[in-house]
Amino acid sequence: MSLALSSLLFVWQQSRATPNPRLVAIGLAVLLTAVAWLIFALVRRVFKDSREAHGKTTDASPRIENSAAFMTASMQGVIRKLREQEKELERLHRVEKERAEHTERLSEEVTRNMPAGLLMVNAQGIIASANPAAEQVLGVRGLGYRRYSEVLGESCELTQLVAQCLSQGKIFRREQVDHKIPSGETRRLGVTISPVRRGEEKVSGAICLLSDLTELAALQEQMELKKNLAALGELSAGIAHEFKNALATISGYAQMIRSESSDGEISDHAERILEQTRNITHVVTEFLKFARPLVISDEPVELQPLIERALDEISTAASGVSIHAEGDFGIVAGDEGLLRQVILNLARNGAEACEGRTDGRVVVRGEIAPGGETPSQRITVQDNGVGISADAMPNLFHPFFTTKARGTGLGLAVVQKIILQHGGLIEARNHPSGGAVFIVTLPARRAQPSEAVELRKDAIPI
C-alpha cells in the first residue's frame with residue numbers, strides 16, 4: 001500500500017513539472033490501480049476479521065450477507081416446525097377420535113344392557129332411540145323412528161305424560177301408570193320423564209325411563225292381602241264358631257216344628273227356615289276354611305289324574321260346555337285335596353261363565369317351565385265366556401266380593417289362599433279373543449336322590 005502511494009506522489013510531481021499527456025494518462029492508470037488495490041486490501045481485512053471472530057462457532061446456517069440462502073433456510077425451518085405440529089395435531093385427533101368412539105360404544109352398551117326401558121323422543125314426537133328393555137316393557141318391536149303416540153296409543157296415560165313434557169317441559173318422577181300392550185295384557189309401569197334442553201332454549205326432546213312393576217304390584221297386593229287375612233282370621237274364627245252353634249240350634253227347632261205341626265203352612269215356614277239355615281251354615285263353613293290357617297302336607301301329587309277326575313266331575317254337572325285338559329302336567333308337593341279344590345273352583349267358574357253359549361269351552365292347559373334349580377308347574381284355566389270386567393278385576397280375590405247372584409264371594413279368595421300356602425302364585429286376566437284366563441304357578445317337585453337312582457336303573461336295559 002505504501003509503494004502505491006509513493007508511485008502516485010512521484011507521478012504527480014512530474015506532471016506538475018512537465019505537463020505531458022502521456023504522463024498524465026500513466027498517472028491516472030497508476031492512481032486507479034492504487035485505489036483498486038486499496039479497496040481489495042480493505043475488503044480482505046474485513047473478511048479476515050470476520051472469520052477470526054466467528055471461527056470458534058460451528059453454526060451451519062447461512063450468513064446474513066447471503067439473503068436468498070437465509071430466506072430459504074428460514075422457510076425450511078418454519079415448514080419443519082409446521083410439519084411437526086401437524087403430526088402432533090394428527091396424533092391428538094386420533095387419540096380424541098378413539099376416545100369418542102370408546103365413549104360411544106360404552107354408551108351404547110350401557111343403554112342396550114340397562115334393565116330399565118329408555119325412550120328418546122325428539123321435539124317432533126318421533127322416537128329417536130329405544131333400547132331392548134323398552135321394547136320388552138311395551139311389548140312392541142322396532143320402536144325407532146316411529147311416532148310415540150302411534151306406538152303407545154292416543155288415549156294412553158303414558159302418551160299424555162310425554163305430550164305434557166314436550167309441550168310444557170314438565171318433569172314426572174316415579175309415576176305409576178297402567179299401560180295396555182298390543183297382546184291385551186295390562187301392565188303397571190313405573191315412569192320417569194324429563195325434558196331435554198340446551199341452556200335456556202325450548203324443549204328439544206324428552207327422555208322416558210320405563211320399569212315393569214306388574215309383578216311387584218301383585219306381590220304388594222298379596223302381602224297386603226295376607227295381612228288382612230291374618231287379622232280377619234283371628235277376629236272372625238271365634239265369631240263363626242258361635243254362628244254355627246246358633247244355626248245348629250235354629251235348625252233343630254225348625255225340624256221339630258216341621259215334624260210336630262200338622263198345619264201345612266207352618267211346615268212350609270219351617271222348611272224355609274231350614275233352607276236358609278243350611279245356606280248360612282255353608283257360608284260360615286266356607287268362611288272358616290278361608291279364615292283358619294291351612295295345614296299343608298308335603299306329599300308328591302300327580303296332577304294329571306287329579307285334573308282328569310276333577311274335570312269329569314264338572315262335566316257331568318255343566319251340560320253344553322266342553323271341558324278338557326291338554327299339555328304337560330308333572331308332580332308337585334302339597335295337599336291333594338286342597339289342590340283338587342282349586343281346580344274344581346276355577347273350572348266350575350269357567351263353566352258358569354260360558355252358560356248360555358252354544359260353543360262354551362273350558363280348557364285346562366299344563367306347562368312345565370324350566371327354571372334352573374327351581375322349575376315350576378303352570379296351570380292355565382281358560383274359558384270363552386264374557387270375561388272379567390274392569391271394575392271387578394282389582395277386587396277379584398277379595399273376600400265376599402262376587403258378581404254372582406247367589407255367590408258367597410269366598411271361592412276365589414280360598415283358591416288364592418291355597419295357592420299361596422303351597423308357595424305358588426295365581427293371577428287373572430282377560431284373553432284378547434274373549435273370556436277369562438286364570439294362571440296358577442306352583443313349584444314343581446324334584447325327584448329325590450333315591451328316586452333318581454331308581455329311574456336311572458329302570459332306564460338302563462339289562
Side-chain angles (χ1 to χ4, degrees), residues 92-221 223-224 390-391 393-394 427 429-430 432:
L92 294 176
H93 177 70
R94 184 171 60 255
V95 171
E96 189 65 24
K97 183 178 180 181
E98 292 176 355
R99 184 181 302 171
E101 291 177 353
H102 175 71
T103 303
E104 184 178 359
R105 287 195 302 269
L106 181 61
S107 176
E108 291 179 356
E109 291 177 0
V110 171
T111 303
R112 185 173 60 253
N113 296 317
M114 64 186 301
L118 175 64
L119 288 181
M120 291 285 296
V121 183
N122 60 19
Q124 289 73 34
I126 304 299
I127 299 176
S129 177
N131 64 348
E135 297 180 351
Q136 184 177 1
V137 169
L138 298 176
V140 180
R141 297 297 181 186
L143 292 173
Y145 305 104
R146 298 175 61 181
R147 188 168 294 278
Y148 75 93
S149 57
E150 173 191 351
V151 175
L152 304 177
E154 296 288 346
S155 60
C156 177
E157 186 177 358
L158 181 57
T159 302
Q160 298 174 4
L161 295 181
V162 176
Q164 293 181 25
C165 179
L166 291 175
S167 60
Q168 306 173 16
K170 294 183 64 176
I171 300 176
F172 301 94
R173 294 184 178 92
R174 299 178 181 178
E175 298 286 337
Q176 291 191 12
V177 299
D178 292 330
H179 178 70
K180 189 175 183 180
I181 64 176
S183 63
E185 178 186 355
T186 300
R187 295 179 177 177
R188 176 69 60 85
L189 302 182
V191 180
T192 297
I193 305 175
S194 60
V196 178
R197 284 192 178 98
R198 293 182 179 178
E200 299 297 330
E201 297 180 2
K202 294 183 179 180
V203 177
S204 60
I207 300 176
C208 183
L209 294 176
L210 306 173
S211 299
D212 190 355
L213 305 180
T214 306
E215 295 183 0
L216 180 60
L219 182 60
Q220 290 176 346
E221 292 178 359
M223 295 297 295
E224 188 67 23
D391 296 334
M393 185 67 76
E427 52 183 326
R429 63 184 64 167
N430 287 316

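We're numbering straight along the sequence, starting at 1. All figures in this text were calculated on a predicted structure; none of them were measured in a lab.
To the nearest 0.5 Å, the span separating CG on L138 from SG on C208 amounts to 8.0 Å. Separating the CD atom in E157 from the CG atom in L189 is a distance of 10.0 Å, to the nearest 0.5 Å. A distance of 10.5 Å separates CD in E154 from SG in C156, rounded to the nearest 0.5 Å.
Residue E215 places its CD atom among 12 or fewer non-hydrogen atoms of other residues, nucleotides or ligands, all under 6.0 Å distant.
Of the options T159, V121, L158, a side-chain contact (heavy atoms from CB on, under 4.5 Å) to S149 is made by T159 and by none of the others.
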Just do the side chain to side chain contact (heavy atoms under 4.5 Å, CB included) check on M120 and I127 with the steps written out, would you?
-> CA-CA 6 Å; M120 291 285 296; I127 299 176; over 6 Å; no

Intermediate values then yes/no, side chain to side chain contact (heavy atoms under 4.5 Å, CB included), E175 and I193 | CA-CA 9 Å; E175 298 286 337; I193 305 175; over 6 Å; no

Step by step, work out the side chain to side chain contact (heavy atoms under 4.5 Å, CB included) result for S129 and L118.
-> CA-CA 8 Å; S129 177; L118 175 64; 5.7 Å; no

May I have the step-by-step check of side chain to side chain contact (heavy atoms under 4.5 Å, CB included) for H179 and L210, ending in yes or no?
-> CA-CA 11 Å; H179 178 70; L210 306 173; over 6 Å; no

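Without hydrogens or angle criteria, T214 side chain to R188 main chain gives a donor-acceptor distance under 3.5 Å. Checked by atom type and distance alone, the side chain of R173 never pairs as donor or acceptor with a backbone atom of S194 at under 3.5 Å. In terms of modelled atom types and a separation under 3.5 Å, the side chain of N122 and the main chain of A128 share no donor-acceptor contact. R187 places no side-chain N or O within 3.5 Å of a backbone atom of D212 that could act as its donor or acceptor partner. Remark: the backbone N or O of A116 is paired with a side-chain donor or acceptor of N131 at under 3.5 angstrom.
You'll find the side chain of E96 reaches within 4.5 Å of the side chain of R99, heavy atoms only. The shortest distance between side-chain heavy atoms of C165 and V203 does not fall below 4.5 Å. Side-chain contact between Y148 and L166: present, with at least one pair of heavy atoms (C-beta onward) separated by less than 4.5 Å. Annotation: side chain of I171 is in contact with side chain of P195 (closest heavy-atom distance under 4.5 Å). I126 is listed as a side-chain neighbour of R147, based on a closest heavy-atom distance under 4.5 Å.
Minimum interatomic distance between G142 and E135 (heavy atoms only, all atoms of both residues): N-OE2, 3.4 Å. Considering every non-hydrogen atom in both V140 and P182, the closest pair reads CG2-CG, 3.8 Å. Scanning both residues, Q160 and S155, for their nearest heavy atoms gives NE2-O, 3.9 Å. The two residues V196 and A206 have their closest heavy-atom pair at CG2-N, 4.1 Å. For the pair K202 and R197, the tightest heavy-atom approach, listed with the atom from each and the gap, is O-CG, 4.1 Å.
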